[in-house]
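Input: a single structure, listed below in C-alpha cells.
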Amino acid sequence: MAFDIDMIKKVYAQMAERVDKAREITGKPLTLSEKILYSHLWDGNPNKAFQRGKDYVDFAPDRIACQDATAQMALLQFMQAGKKTVAVPTTVHCDHLIQAKQGAALDLKRANETSNEVFDFLESVSNKYGIGFWKPGAGIIHQVVLENYAFPGGMMIGTDSHTVNAGGLGMVAIGVGGADAVDVMAGMAWELKFPKLIGVKLTGELNGWTASKDVILKVAGILTVKGGTGAIVEYFGPGAKNLSCTGKGTICNMGAEIGATTSTFGYDDSMERFLRATDREDIADEANKIRPYLTGDDEVYDNPEKYFDQVIEIDLNTLRPHLNGPFTPDLATPVGELGEKAKKNDWPIKVDWGLIGSCTNSSYEDLSRAASIAQQAVDKKLKPKSDFGINPGSEQIRFTAERDGLLNVFENLGATIFTNACGPCIGQWDRSDRKDDEKNTIVHSFNRNFSKRADGNPNTHAFVGSPEMVAAIAISGRLDFDPMNDTLINEDGQEVKLDEPVGLELPPKGFEVDDNGYLAPKADGSSVDVKVANDSERLQLLEPFVPLKDSELQGMKLLIKAFGKCTTDHISMAGPWLRYRGHLDNIANNTLIGAINAFNKKTNFVKNQLTDEYGGVPDVQREYKKKGIKTIVVGDHNYGEGSSREHAAMQPRFLGVAAVLVKSFARIHETNLKKQGMLGLTFANEADYDLIQEDDTFNFVDIADFAPNKPLTIEIVHKDGSKDTIKVNHTYNDAQIKWYREGSALNLIKKQNA
Ligand code: MIC
Ligand code: SF4
C-alpha cells in the first residue's frame with residue numbers, strides 16, 4: 001500500500017476540475033507539464049494563463065524529499081522557522097555520507113561510526129517535526145522516492161538536483177535549495193518562474209545495445225549542459241510507451257545535466273506495472289480513473305510544434321549507444337567512434353574501473369541487463385580487465401537482486417558490492433588503486449563526470465554510459481571497445497564476442513525486502529530533543545544573516561574572476577567536504593577552491609588587494625571579512641551548474657561576498673543566492689566580463705533603487721584610477737528584493753511568524 005494514499009486521492013479529486021479550467025483559460029489543449037503545474041497552484045483553481053519563461057507563480061507541492069548532505073542545512077534553517085511540524089509530507093534519506101571502500105557491510109558500519117552525530121541529528125529532527133526517516137543503507141533518495149512516493153500527476157520538490165528522477169513516474173519533480181524546501185515545510189507557497197516547454201518525441205523501440213540512458217546521453221549532446229535551462233522537458237510518442245518506468249526515470253534523472261527544471265512522461269502501462277510491482281496497487285487504481293488527465297492531450301502530441309517551445313525527435317530504432325565525457329556530461333560520442341576521439345585528445349584508452357549505480361541507473365532492470373553481460377564474461381572465460389564496483393539503488397533492489405542471483409554474477413567477476421548509496425558518484429570513494437594525480441580513465445553509469453568528482457583526481461577521465469555498456473567496457477578494459485563489432489580474446493586464447501544484453505523490466509518473483517530502512521516519526525514529536533554540541537565540528541546552529549547595507553556595496557573588492565566552467569563542485573566541493581555540510585563556518589573553508597582564477601589560471605590562488613599577496617580563496621576572503629570589506633565574485637556562463645547544494649550560496653554569503661556577477665546562471669544556484677540575501681547578477685553586455693581586472697574596486701551606484709525589471713549600474717574602478725561603468729541585469733521580483741533587504745528569505749519568514 002502507498003504511504004500516503006489519502007493525500008494522493010485528494011490531489012486526484014481536484015485534478016479534473018483544475019485541468020479543465022486551465023484548458024479553458026489558456027484556450028488550448030494542454031501538455032502534461034501544464035496539467036500538473038496548473039493543478040498545483042497555491043491559489044487553487046486556475047484563473048489566469050501564465051506566460052512561459054516570464055511569470056513567477058506560486059505552487060503547492062505535494063511532498064518534499066531531502067538527502068543527508070543537504071538536509072542538515074535545510075533542517076537547521078527549518079528549526080529557526082518556529083514551526084511544530086512540517087506542513088507537507090517530507091522525508092530524509094541518508095545516502096551521501098557513506099564511503100565506498102571495502103564493500104557494503106564494512107562500509108556501512110564505518111559510516112555509522114564516523115557520521116553517527118549527523119545521522120542522529122537528522123533522525124531526531126525528523127522525529128521531532130514529523131518527517132519520515134530513511135536510515136543509512138536504505139537506498140539512494142531518488143530510487144527510494146520512485147519506489148515509494150512518486151505518483152503520476154503529482155508535484156514534489158527535493159533538496160537535490162536529481163529529484164527530477166520522479167518524472168519517470170509521471171511527476172513534476174524539481175530540485176531546489178534547502179531554503180526553498182523550508183518555505184514549503186513551513187506552510188508557504190513555493191515560487192517558480194513558469195517554465196518553458198521542450199517536447200521530445202520518441203519513436204521506434206530500443207534494441208540491441210541501446211538503453212534508456214542513451215536517449216538522455218543523446219539529448220544532452222543536442223541541448224548541452226545549459227540547453228534545458230528554465231524548461232520542462234516532456235517526453236512522448238510511441239517510443240516513450242515502449243520504455244520501462246525505471247528507464248524513464250533514468251532519462252528524467254539526467255535531465256538535470258542539461259539544466260532542465262525537470263523532465264516528465266505521461267502516465268502509461270509501464271508506470272502502472274511499476275506501481276503494482278512496488279506494492280502500490282491503490283495508486284494505480286486511482287490513477288486509472290483519471291488516466292487522460294495524467295498525460296498530455298492528444299492534440300498536443302499530434303502537433304507538438306504548435307504547443308512546445310522547442311521539439312526534438314529521436315528514433316529509438318536507430319539511436320546508438322553513447323559514452324559521454326570526459327569532464328562534462330554533454331560531450332556525447334557514439335560508442336564505435338570513441339577510440340579515434342580518445343587518441344586525438346590523448347585520453348587514456350585503458351579503463352581502470354567500471355562503476356554501476358547512482359540514482360540514475362541502479363534499478364532492478366539496470367542490474368539485470370548489466371548482469372547479463374557480466375554472466376557472459378564468466379561463460380565465455382573472459383577475465384575482466386577493469387575493476388568493478390556496484391551500488392544498488394535501494395535495499396529493496398539489493399535484497400531482490402541478491403535473491404535472484406544477480407549480485408552473485410557480479411561477485412563471480414570479482415566486483416565489490418558497495419552500500420545502497422551514492423558512493424563514488426559523489427566522491428565517497430576510497431579508491432583501492434589510488435592514482436594521486438595520474439591520468440587514468442573510468443567508465444560509470446552515473447550522471448555527472450565533472451573534474452575530480454568521483455575520486456578527487458583532476459586527471460581521472462570519467463565517461464558516462466548505460467550499465468550494460470559500462471559492464472562491457474569494463475570487461476574489455478578499453479575505452480575504444482565496441483561490443484557491437486569487436487571481439488575479445490578469452491583465457492583460452494579464443495576470439496569471442498559479447499551478445500546483446502537482455503534484462504528484466506521487473507523481478508518476475510516480485511520485489512522483496514526484509515528491512516527497508518524506514519523509520520516513521522512520532523505522531524507528536526514535541527518532546528523530542530534535538531542536540532547540537534557546541535564544540536561539534538560537523539554541526540553548527542545558524543545565526544541569521546545580517547542584511548547588506550547599500551553603503552557596504554561601495555568600495556567592494558574582487559574576490560575571484562572565475563574562468564570557464566564553474567559548477568557547484570568548484571564552488572563548494574563535495575567528497576571529503578561532505579563531512580562539514582552541517583557546519584557553515586567549517587565548510588566555508590572550501591569556498592571556491594576549485595574555481596580557476598582567470599588571471600593566472602590557477603585554482604585557489606587569488607590576489608589579496610589589501611596586501612598584494614596571493615593566497616587561497618577562503619583565506620583571502622576571511623581577511624576582507626575581518627576588515628568589513630564586501631567582495632564580488634565574477635563568473636562565466638551557467639555559473640553554479642550541477643548540484644542544488646545551497647552551501648554554494650551560503651558559504652560566500654557567510655564569508656562576506658555580497659554579489660555574484662556572471663554571464664549566466666544555472667537555475668537552482670541563482671535562486672539559492674537570492675534566498676540567502678545576496679545579489680545574483682548577469683552582465684547586460686557579456687563582453688564586459690573582459691573589463692574586470694584583478695585589482696578592481698566596485699561601486700553599486702544605484703543599489704538604493706533596486707527594483708524589478710530595472711538593471712543596476714556598477715562603477716568599476718581599476719588600479720590606475722580609470723573607470724568603466726557597466727549595466728547588470730537581475731531577475732529579482734518584489735518578494736525576492738524583500739529577501740535581499742531582510743538579509744535572507746528565512747529572516748522574512750521568521751518576521752512573518754513572529
Ligand atoms: C550531486 O549529485 O551533486 C548531489 C550531491 O547529489 C547534489 C546535492 C548535494 O550537493 O548534496 C545535487 O545534485 O543536488
Ligand atoms: Fe547521489 Fe550521485 Fe544521485 Fe547525486 S547524482 S543523488 S550523488 S547518486
Side-chain angles (χ1 to χ4, degrees), residues 65-74 92-100 118 122 134 136 138-146 157-166 173-178 180-181 216 249-250 252-257 259-260 262 329 355-363 366 389-394 418-429 444-454 462 464 567-575 577-582 587 590 594 640-651 666-669 671-672:
C66 307
Q67 42 87 343
D68 48 3
T70 51
Q72 298 170 58
M73 214 38 104
V92 164
H93 304 256
C94 297
D95 54 359
H96 280 62
L97 300 177
I98 305 162
Q99 195 186 45
V118 172
L122 292 174
W134 291 79
I140 307 175
I141 173 169
H142 311 301
Q143 285 294 333
V144 174
V145 166
L146 196 71
I157 57 170
T159 61
D160 188 283
S161 61
H162 293 104
T163 302
V164 294
N165 190 69
I174 302 181
V176 298
D180 275 39
I216 185 63
T250 298
C252 293
N253 179 295
M254 233 188 119
E257 275 48 65
T262 191
L355 298 161
I356 294 171
S358 96
C359 55
T360 328
N361 269 128
S362 53
S363 66
D366 289 331
I390 316 278
N391 286 87
S394 70
F418 296 126
T419 319
N420 314 315
C422 304
C425 179
I426 192 56
Q428 289 283 18
W429 187 23
H444 60 56
S445 72
F446 311 162
N447 41 39
R448 291 190 176 145
N449 54 355
F450 303 139
S451 164
K452 294 192 189 176
R453 184 167 167 101
V464 182
T567 71
T568 43
D569 281 358
H570 298 83
I571 308 171
S572 173
M573 195 192 170
W577 291 91
L578 284 175
R579 197 175 159 70
Y580 301 116
R581 281 289 184 86
I587 197 162
N590 82 0
E641 160 189 353
S643 156
S644 66
R645 65 191 76 142
E646 62 198 324
H647 304 76
M650 292 179 89
Q651 296 171 213
R667 173 188 60 90
I668 305 179
H669 186 63
T671 308
N672 285 345

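Values in this document were obtained by computation on a predicted structure and should not be read as measured data. We count ligands from 1, going down the list as the structure has it; atoms in each ligand are counted the same way.
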key: Proximal protein residues to ligand 1, non-hydrogen atoms under 4.0 angstrom   = Q67, A69, T70, H96, D160, S161, H162, I426, R448, R453, R581, S643, S644, R645
Please work out, at 4.0 Å between heavy atoms, whether the side chain, the backbone, both, or neither of [X] comes within that distance of ligand 2.
| X | answer |
| --- | --- |
| R448 | neither |
| D95 | neither |
| Q67 | neither |
| T360 | neither |
| R453 | side chain |

Would you say [X]'s side chain and [Y]'s backbone share a donor-acceptor pair under 3.5 angstrom?
| X | Y | answer |
| --- | --- | --- |
| T671 | R667 | yes |
| Q143 | L146 | no |
| S363 | D366 | yes |
| N391 | N420 | no |

key: side-chain contact (heavy atoms from CB on, under 4.5 Å) assessment of V464 paired with H444   = CA-CA 5 Å; V464 182; H444 60 56; 3.7 Å; yes
Distance in Å, [X] [atom1] paired with [Y] [atom2], rounded so as to fall on 0.5 Å steps:
| X | Y | atom1 | atom2 | result |
| --- | --- | --- | --- | --- |
| S161 | E641 | OG | CD | 10.0 Å |
| D180 | E646 | CG | CD | 8.5 Å |
| Q651 | R645 | CD | CZ | 9.5 Å |
| R448 | T567 | CZ | OG1 | 8.0 Å |

query = Between atom 1 (Fe) of ligand 2 and C422, is there an N, O or S atom separated by less than 2.8 Å?
reply = yes
request  = Provide the number and element of each atom of ligand 2 under 4.0 Å from a heavy atom of N447.
outcome  = 5 (S)
ask   = Under 4.0 Å from any heavy atom of H142, which atoms of ligand 2 are there?
value = 6 (S)
message = Over 60° means perpendicular and under 30° means parallel, so tell me whether W134 and H93 are parallel, tilted or perpendicular.
response = parallel
query = Does any N, O or S atom of H162, backbone or side chain, fall under 2.8 Å from atom 3 (Fe) of ligand 2?
reply = no
Protein contact to [atom] [nearest heavy atom, distance to 0.1 Å]:
| atom | value |
| --- | --- |
| atom 2 (Fe) of ligand 2 | C425 SG, 2.3 Å |
| atom 4 (Fe) of ligand 2 | H96 NE2, 3.8 Å |
| atom 8 (S) of ligand 2 | C359 N, 3.3 Å |

task = Give me the one residue out of D68, I98, L97 that meets side chain to side chain contact (heavy atoms under 4.5 Å, CB included) with P136.
result = I98
inquiry  = Which residue is it: T360, N165, T250? I am looking for the one with a side chain to side chain donor-acceptor pair (under 3.5 Å) to N447.
reply    = T360
